[in-house]
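As C-alpha cells, the structure follows; a few thoughts come after it.
Every chain is numbered from 1 and lettered A, B, ... according to where its sequence line falls, protein lines coming before strand lines. Only heavy atoms go into these numbers, but all of them, side chains included; no hydrogens, no water, no symmetry mates. Please read these numbers as outputs of a predicted model, since none were measured by experiment.
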Amino acid sequence: MDFNTYDIEYHPVSPDNPAEYIKLCGVADFDIKKTFDCGQCFRFEPVGGTPHEIEFAGVAHGKLISLASEGDTLYIYNTNPDEYLRLWRRYLGLDTDYEAVCRDILSRSDNPALARAVSAGRGIRILRQDPWETLCSFVISQNNNIARIKKIISSLCKRLGERIDCRGMEAHGGDVGQYTFPTPLALAAAGTEVLRELKVGFRAEYLADAAARVLRGELDFDCIESTKDTAACAARLKTVKGVGDKVAACILLFAFGRYDAFPVDVWIGRVIEKYFGGCRDACLGPYAGIAQQYLYYYERYLKGE
DNA sequence: CTCCAGGAACTCC
DNA sequence: GGAGTTCATGGA
C-alpha cells in the first residue's frame, strides 16, 4: 500500500544538534500517546522534560528512536530519510490510509458503541513490531497485567539483550541505558532457571519452547509473512506452547500487520457481551483487528468519559 | 485475606 | 467438545 509519502525534512548531526532527526508535516491520524499507550507495545515510555507537546522513546527492531509531535508535525529522532522509508514508515503504519480504514469499519455496522470507539481511538496506528519480540511479549502477557508485563520485558532485555549505543540521544530516552530484545539463541542459552529469576513464572517453559522451535527452524516467521491465509498462520503459531487463539491473533495483528486478526481478551469479551449482544462474529471486515483495538482502547481507558 | 491481570494447558466427563 | 482447575507473581 503506497499511501501518502510525506515531505521529509532532514536534520543531520551538528554542533547544536546531537542526534539526527527527520520532520514530517501534515501527518493525520497519528496520535503518539494513544499508539504507544494502547496495549500493543510494551517498550515505549514518555520522555521527561521534552520541549515537544508529546514525546515517546523506545527500542524497536534493535534501535532506539524517539517520536515527538506538535499538532500534525511529527519528529523522529535518531533516524534519517533512508532508514525511515525502509523501516519506520512501515513500523509506524504510516503507509496505511486510516481515513479509508475507519470508513470501511463504520460501513460494516451501525452499532453506536462501535462509532464511539472509532471516534475515541482515532489516531491509534497498529505497529509492525518484530515477530519474535511480539511472540514473547504476548506469551508473557497471559494472565498478567500491563505494568508487570513491561517490567518483565525490561528485565529480560537488560539481562539477556545487547546494550545499544545511544550517543546523542541523551535528551530523548537514551539517558537510561537501552538494550535490544534478546535473540532466540540468547533466550534458549539462558534456560528456564534464569527466566524464572526474571519473574516470568510458569511462562518460562513456554518461552524456552518458542526459542527452541525458532532455532530448529520449526517456526519460520518469513513463512508466516508470505502465507496469505490468516487462519493458517494462526495455526502455525499455535504449535508453540503457550500460544493460543488470543496470543496468535496479537502476533499477527501487531507484528505482521494482519488487520483481519481479531484478538479476544477479557476486555473485548466484555465489549462483545455489552454492546454486541454476545455475538462474537461481529463481522467487521478486513480491518476487524483495528476495530478491535479501538474497542479495547475505548473500553479499557475511556470508561466513564 | 481474596481477587484480578491483553490466557492457555491440562484433566475430567 | 465444553466446564472446571491450575499455573507464578505482585498490586489493589
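Using the six-membered ring where Trp is involved, A:Tyr296 and A:Trp267 have ring planes that are perpendicular, over 60° apart on the 30 and 60° scheme. Taking the six-membered ring where the residue is Trp, A:Tyr91 and A:Trp88 present perpendicular rings, their angle passing 60° and hence far from 30°. Below 30°, between 30° and 60°, or above 60°: for A:His11 and A:Tyr21 the angle between ring planes is below 30°, a parallel geometry.
Residue A:Pro81 forms a side-chain contact (heavy atoms from CB on, under 4.5 Å) with just one option from A:Leu24, A:Ile76, A:Ile22, and that option is A:Ile22.
The ring of A:Phe138 has its center closer than 6.0 angstrom to the ring center of A:Phe42.
Across the interface with DNA chain C, nearest-nucleotide mapping of A:Asn145 and A:Gln142 shows A:Gln142 to be the residue nearer the 5′ end.
B:dG6 has no stacking from A:Trp267 on its base ring, since the centres under 5.5 angstrom apart and planes within 30 degrees of parallel are not both found.
Taking the P atom of each, C:dC7 and B:dT2 are spaced 15 Å apart, rounded to whole Å. Here, B:dA9 and C:dG10 have their C1' atoms 23 Å apart, quoted to the whole Å. Nucleotides C:dT6 and B:dC3 place their P atoms 14 Å apart, quoted to the nearest Å.
With hydrogens and angles ignored, no donor-acceptor pair closer than 3.5 Å exists between the side chain of A:Glu299 and the base of B:dG6.
Among the atoms of the strands shown, base atoms are found under 4.0 Å from some heavy atom of A:Phe254. Counting any heavy atom pair closer than 4.0 Å across all strands shown, A:Arg196 reaches sugar-phosphate atoms only and no base atom. A:Gln292 comes within 4.0 angstrom of a base, heavy atoms only. Nucleic acid contact for A:Cys41: none, since no nucleic acid atom lies under 4.0 Å from a heavy atom of the residue. In this structure, A:Gly39 reaches the bases: a heavy-atom distance under 4.0 Å links it to at least one base atom across the strands shown.
In this structure, A:Ile152 atom CD1 and C:dA8 atom P are separated by 13 Å, rounded to whole Å.
Checking B:dC1 for Watson-Crick or G-U wobble geometry (two distances, each under 3.5 Å) identifies no partner in any strand.
Of the candidates C:dG11, B:dA8, B:dA5, the closest approach to any side-chain atom of A:Lys246 belongs to B:dA8. For A:Val247, counting side-chain heavy atoms from C-beta on, the closest listed nucleotide (B:dA8, C:dG11, B:dG6) is B:dA8.
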